[in-house]
Amino acid sequence: MKNIFVAAAVSVLSSVAIAEGPSWTYVSVGFVAGDSSDEYKDGNLSGHSFNASAQLSDTFHARIDYADVDWNEEDSSEGHTIALGVHSALTDNTDLVVEFVHSSYDFRENNENEGEGYDGYGLNVGLRSMFTDKLELSAGVSYRDLELDIELSDDVDEERQITTYFGGQYFVNENMGVGIDYSEFDVQTTDDFGSIGILNVYVRWSLGGAL
């Protein structure tokens, strides 16, 4: 009887010590701020973000990201990214993530030119890990191949972006967390377009496992 009690106690303590994997069903709202050296939009930016993800099975999830950003007093952009992804457990608390994505954004100058923007597809590869029961870390790289509807020049109607990102989230309780992510968009089409750095500070509500 004593041995059974000891084994049960060890099992409980072990399950507490090892953090579970990250949640794939959640919603979050945030504030974004950044700086751009892009030829089309140069300067500071700020706005709001919304993100939602649904775990469809043990290994599949779907996700949507939305952002509404002001580049200055007169110019703005609005758009979304939709992702269908696979997450595979590398360890008990770390997932390898591969996502196929579609992005679409519209730009407005002087509150006009609603039709200008870009639309395209890409791939995300990264890691999400519950470093502890309270702290989640993430990092990865993204590729985007975009069709432009922006009059940058007569010779440019496509754009390729390589993005690196990393971040962390601290869980206040079992379901609610606060986090910060940083993304660096590096435009590959020409050397003239530069890069865009964006910081996203958010509050997230995790809703458990698969729907």
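Basis for what follows: all heavy atoms, side chains included, without hydrogens, waters or symmetry-related copies. Since the structure is predicted, the reported quantities are computational estimates derived from the model, not experimental observations.
Proximity of Ile198 to Tyr165: side-chain heavy atoms (C-beta onward) are nowhere separated by under 4.5 Å. Using a 4.5 Å heavy-atom cutoff, the side chains of Asn51 and Val27 are not in contact. Looking at heavy atoms from C-beta onward, Leu84 lies in side-chain contact with Leu56 at the 4.5 angstrom threshold. Leu137 is listed as a side-chain neighbour of Phe131, based on a closest heavy-atom distance under 4.5 Å. Counting heavy atoms from C-beta on, the side chains of Tyr105 and His80 never come closer than 4.5 Å. At least one side-chain heavy atom of Val29 sits less than 4.5 Å from a side-chain heavy atom of Trp205. A heavy-atom distance below 4.5 Å is found between the side chains of Arg160 and Tyr143. Residues Val98 and Leu123 meet the side-chain proximity criterion, which asks for heavy atoms closer than 4.5 Å.
Side-chain contact, Ser76 with Asp70: no donor N or O sits under 3.5 Å from an acceptor N or O. Side-chain contact of Glu99 with His61: a donor-acceptor pair under 3.5 Å is present, judged by distance alone. Side chain to side chain, Asp119 and His102 meet the donor-acceptor criterion of an N or O pair below 3.5 Å. Using modelled atom types and a 3.5 Å distance limit, the side chains of Glu78 and Tyr66 yield a donor-acceptor pair. Looking at Ser129 and Thr94, their side chains do bring a donor and an acceptor atom within 3.5 Å of each other.
For the ring-ring contact (aromatic ring centres under 6.0 Å, His included) test, no residue two or more places apart in sequence or in another chain qualifies with His48. Residues forming a side chain to side chain contact (heavy atoms under 4.5 Å, CB included) with Ser46 (at least two apart in sequence, or on another chain): Phe31. Applying the side chain to side chain donor-acceptor pair (under 3.5 Å) test to Ser53 and every residue at least two apart in sequence or in another chain returns nothing. In this view, Phe171 satisfies the ring-ring contact (aromatic ring centres under 6.0 Å, His included) rule with no residue, not counting sequence neighbours. Here Phe166 pairs with Tyr182 under the ring-ring contact (aromatic ring centres under 6.0 Å, His included) rule; sequence neighbours left out. The salt bridge (Lys or Arg N to Asp or Glu O under 4.0 Å) test applied to Asp65 returns Arg63, not counting sequence neighbours.
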Check against side-chain hydrogen bond (donor to acceptor under 3.5 Å, both in side chains), Asn200 and Ser49: CA-CA 8 Å; Asn200 179 38; Ser49 66; 2.9 Å; yes
Yes or no on side chain to side chain contact (heavy atoms under 4.5 Å, CB included) for Met176 and Val203, after CA distance, side-chain angles and deciding distance? CA-CA 7 Å; Met176 190 179 80; Val203 178; 4.1 Å; yes
Run Val178 and Tyr202 through side chain to side chain contact (heavy atoms under 4.5 Å, CB included) and show every step you take. CA-CA 6 Å; Val178 291; Tyr202 61 88; over 6 Å; no
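Between the His87 side chain and the Asp58 main chain, a donor and an acceptor come within less than 3.5 Å of each other. For the pair Arg128 (side chain) and Ser23 (backbone), a donor-acceptor distance under 3.5 Å is present. The main-chain N or O of Val97 is never found under 3.5 Å from a side-chain atom of Asp95 such that the two would form a donor-acceptor pair. Panel note: side chain Asn93, backbone Met130; a donor-acceptor pair is recorded below 3.5 Å.
Distance check: Arg204 CZ to Leu207 CG gives 10.5 Å after rounding to the nearest 0.5 Å. Leu45 contributes atom CG, which lies 7.5 Å from atom OG of Ser77 (distance to the nearest 0.5 angstrom). If you take CD1 on Ile162 and CZ on Arg144, they are separated by 9.5 Å, rounding to the nearest 0.5 Å. Interatomic distance, CD of Gln169 versus OG of Ser206, reported as 5.5 Å (0.5 Å rounding).
Only one option out of Thr163, Asn124, Thr81 pairs with Ser142 in a side-chain hydrogen bond (donor to acceptor under 3.5 Å, both in side chains); it is Asn124.
Of all the heavy atoms in Asp181 and Gly168, the pair that sits closest is OD1-N, 4.0 Å.
If you chain together hydrophobic residues whose side chains sit under 4.5 Å apart, Ile64 and Tyr26 never meet in one group. Linking ILVMFWY side-chain heavy atoms closer than 4.5 Å, directly or via other members, places Val101 and Ile196 in two distinct hydrophobic clusters.
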